[in-house]
Amino acid sequence: MSLFQNLFIILLLILTSSFFSISEIALAGARKIKLKLLAESGDERANKVLKLQENSADFFAASQIGLNAVAILGGSVGESALRPYFAEWFGVFYQGPWLDSIAFFASFTIITLAFILYADLIPKRIAMINPERVALSIINPVLWLIRLVKPLAWVINTIANLTFRLFKVNTARDDSITFDDISAIVDAGAEAGVLMEQEQHFIENVFELEERTVPSSMTNRDDVVFFTLKESEESIRQKIADYPYSKFLVCNEHIDQVIGYVDTKDILVRLLNKQSFFQLNESTIRNILIIPDTLTLSELLDKFRASKDKMAVVINEYALVVGIITLSDIMMTVMGDWASAEPEDQQIIRRDDNSWFIDGITPIDDVKHALDIDEFPDWDHYETLAGFVMYRLRKVPRPADWVEHAGYKFEVVDIDHYKIDQLLVTRLEVPTDDTQAND
């Protein structure tokens, strides 16, 4: 055959090999979520791709048969077609005993580079750009090819399956999606400009509801305003005026004897109708949801949905009230900084680029976000920043006591009846890997 005919055959072999290469990457890299959306929109090819991904053994067997056959033919045709011409060209300058070897090496190098570039590298990069679109384009020819070589593919798959069983290799594909997968997709969407930064935080905070426990978002016991059954009318009026809450706990004598709650709307209706003042009794007190402090925020949402309540009392293992939490508290956790209070009411106040004032009752999860700290040690022993410092100090804190962790110094600056009220957090110039505390 002439040089032109040989080159034409080599070109056909390269195109065939590139088809197998692009098919492998596209079908393996096509994302299941996108394919399902395409299938739901009526594209039947997407269903075919999904079925092939679920049972891909026949395809990979057919692909390897084609790739190896083409590689063998390409090497054979290319070497025999080009070597005489290279021998003739190099013979102009050299007529020694190595002429035939030099011509062989030159033809081998040219054919190998051509296959690497145009039959492997470039097709795979094209497939990686948009695997779903490429997979839809090639799925019908691929299915035809699988049917064509099915007998030989069955033999190869049988031997492969026996090998897998011999070495106890699990060949089942894991299509489960984890939080890390979704977080990576959200981050990629934010970097690409598809999601705004605030939307990214909303999505990440929603998934954190499964990890954060109720105490991280509740109103602590010391800050709960409540009525007692023997509360005077004047005291009730004053509390309603001083604290603009829509609901108030009702307790027998102290906060650990919760009876229920009253809605200030019921009181205001009576006042507007010029009726006698609201009386705290069984007919006016509503039942309230009681939950343990071990629940996650996600579990609490389910309870709110089931009970139609919007407020709950949080108790510990000793049946003592540790705080209250509302549906609004959970929503504020999801919304994050966008729903934060005015600067003077914030729990985390930034002084400059390297220091912060942080309230002791600030949840650890909020501190992690604000300071970009990956993890706190033994986090299951405490819920707040004050709890972390006390856990590390192993003593009753005093002003100027400090703890170092993750390149930050947490220094106690204010104590209120043995309770850490406020801390000064400073970024260290030389970050430390281990948590340290002063004696």
- prompt: Within the side chain of S21, is there an N or O that forms a donor-acceptor pair under 3.5 Å with the backbone of S18?
  reply: no

message: Restricting to non-hydrogen atoms, name the atom on F304 and the atom on I330 that form the minimum distance, rounded to 0.1 Å.
response: CE1-CD1, 3.9 Å

- request: Output the distance between atom CD1 (I138) and atom OG (S23), rounded to the nearest 0.5 Å.
  value: 4.0 Å

message: side chain to side chain contact (heavy atoms under 4.5 Å, CB included), that's the test. Do L301 and T296 meet it? Break it down for me.
response: CA-CA 9 Å; L301 270 180; T296 65; over 6 Å; no

- request: Check whether any side-chain N or O of S17 sits under 3.5 Å from a backbone N or O of L13 as a donor-acceptor pair, and report yes or no.
  value: no

Partner set under side-chain contact (heavy atoms from CB on, under 4.5 Å) for S328, not counting sequence neighbours: T326

message: How long is the straight-line distance from CG of L11 back to CG of L15, given to the nearest 0.5 Å?
response: 4.5 Å

query: With D352, which residues qualify under side-chain hydrogen bond (donor to acceptor under 3.5 Å, both in side chains), at least two apart?
result: S355

- prompt: Just how far is it from atom CG of L209 to atom OG1 of T333, taken to the nearest 0.5 Å?
  reply: 7.0 Å

message: Side chains of S298 and E210: any donor to acceptor distance under 3.5 Å?
response: yes

query: Can you tell me if E411 and T426 form a side-chain donor-acceptor pair at under 3.5 Å?
result: no

query: Residues in side-chain contact (heavy atoms from CB on, under 4.5 Å) with F108, at least two apart?
result: T112

message: If you apply the rule ring pair (Phe, Tyr, Trp, His ring centres under 6.0 Å), what do you find for F376 with H405, and how did you get there?
response: CA-CA 8 Å; F376 279 82; H405 174 64; 5.1 Å; yes

message: Any side-chain to backbone donor/acceptor pair from E231 onto T228? Under 3.5 Å, distance only.
response: yes

- request: Could you walk me through whether D366 and R212 pass the salt bridge (charged side-chain N to carboxylate O under 4.0 Å, His left out) test, one step at a time?
  value: CA-CA 10 Å; D366 293 342; R212 296 183 63 161; 3.3 Å; yes

statement: Rounding to 0.5 Å, atoms OG1 (T362) and NZ (K368) come to a distance of 14.5 Å

- request: Determine which pairs satisfy salt bridge (charged side-chain N to carboxylate O under 4.0 Å, His left out) with at least one residue from residues 154-171, sequence neighbours left out, and list them in order.
  value: none

query: Out of curiosity, L67 CG to F20 CZ, how far, rounded to the nearest 0.5 Å?
result: 6.0 Å

statement: So salt bridge (charged side-chain N to carboxylate O under 4.0 Å, His left out) across residues 128-142, not counting sequence neighbours, yields R31-E132

task: Please list all pairs passing the salt bridge (charged side-chain N to carboxylate O under 4.0 Å, His left out) test where one or both residues lie in residues 216-227, with sequence neighbours left out.
output: R221-D256, D222-K419

L229 vs N252 side-chain heavy atoms within contact, under 4.5 Å: yes

- line: The reported gap from CG in D263 to CD1 in I285 (rounded to nearest 0.5 angstrom) is 13.0 Å

task: Assess whether atom CG of D416 is packed by more than 12 heavy atoms of other residues, nucleotides or ligands within 6.0 Å.
output: yes

message: Is the terminal nitrogen or CZ of K239 (NZ for Lys, CZ for Arg) located under 6.0 angstrom from the six-membered ring centre of F226 and within 45° of that ring's axis?
response: yes

- prompt: Heavy atoms, side chains only, cut-off 4.5 Å: are E24 and F60 in contact?
  reply: yes

message: So Y245 and T264, do their side chains get closer than 4.5 Å, heavy atoms only?
response: no

message: On a heavy-atom basis, which atom in I259 and which in C251 lie closest, and how many Å separate them?
response: CD1-C, 3.9 Å

- request: Name all residues meeting the side-chain contact (heavy atoms from CB on, under 4.5 Å) criterion together with T384; count only those two or more places apart in sequence or in a different chain, and write none if there are none.
  value: A386

message: If you apply the rule salt bridge (charged side-chain N to carboxylate O under 4.0 Å, His left out), what do you find for E233 with R237, and how did you get there?
response: CA-CA 6 Å; E233 178 179 327; R237 287 178 181 271; 3.2 Å; yes

query: Side chains of I415 and R398: closer than 4.5 Å at any heavy-atom pair?
result: no

- line: The complete set of salt bridge (charged side-chain N to carboxylate O under 4.0 Å, His left out) pairs with one or both residues in residues 114-124, sequence neighbours excluded, reads D120-K124

- request: Identify the two heavy atoms, one from S216 and one from L297, that lie closest to each other, and give their separation to 0.1 Å.
  value: OG-CD1, 4.4 Å

message: Taking side-chain hydrogen bond (donor to acceptor under 3.5 Å, both in side chains) as the definition, give me every residue that meets it alongside S307, ordered by chain and number, with sequence neighbours left out.
response: D309

query: Is there side-chain contact between I288 and M311, with heavy atoms separated by less than 4.5 Å?
result: yes

Under 3.5 Å, sequence neighbours excluded: what are the donor-acceptor pairs made by side chains of residues 313-325?
residue : atom : partner : partner atom : Å
N316    : OD1  : Y318    : N            : 2.9
N316    : OD1  : A319    : N            : 3.3
N316    : OD1  : L320    : N            : 3.0

message: Please give me the minimum heavy-atom distance between R305 and D302, naming the atom from each residue.
response: NH1-OD1, 2.8 Å

query: Would you call D421 and D359 a side-chain contact if the rule is heavy atoms closer than 4.5 Å?
result: no

task: Could you give me the CA-CA distance, side-chain angles and deciding distance for N140 and K48, then say whether side chain to side chain contact (heavy atoms under 4.5 Å, CB included) is met?
output: CA-CA 8 Å; N140 288 326; K48 293 179 180 179; 3.0 Å; yes

Heavy-atom pair with the smallest gap, counting every atom of A135 and A26: N-CB, 3.8 Å

Minimum heavy-atom distance L371-V425, with the two atoms named: CD1-CG1, 3.7 Å

message: Applying side chain to side chain contact (heavy atoms under 4.5 Å, CB included) to T284 and D266, what does each step give before you reach the verdict?
response: CA-CA 8 Å; T284 57; D266 297 336; over 6 Å; no

- line: Residue set satisfying ring pair (Phe, Tyr, Trp, His ring centres under 6.0 Å) with Y382, at least two apart, ordered chain then number -> F388, Y391

query: How about F227 and I240: do any of their side-chain heavy atoms sit closer than 4.5 Å?
result: yes

- request: Check for a donor-acceptor pair, side chain of R427 on one end and backbone N or O of W356 on the other, with a separation under 3.5 Å.
  value: no

- prompt: Hey, is the main chain of I156 close enough, under 3.5 Å, to the side chain of Q64 for a donor-acceptor pair?
  reply: no

query: Got a sec, which residues hit side-chain contact (heavy atoms from CB on, under 4.5 Å) with P292, two or more places apart in sequence or on another chain?
result: T294, L295

Check: M128 and R125 side chains under 4.5 Å, non-hydrogen atoms: no

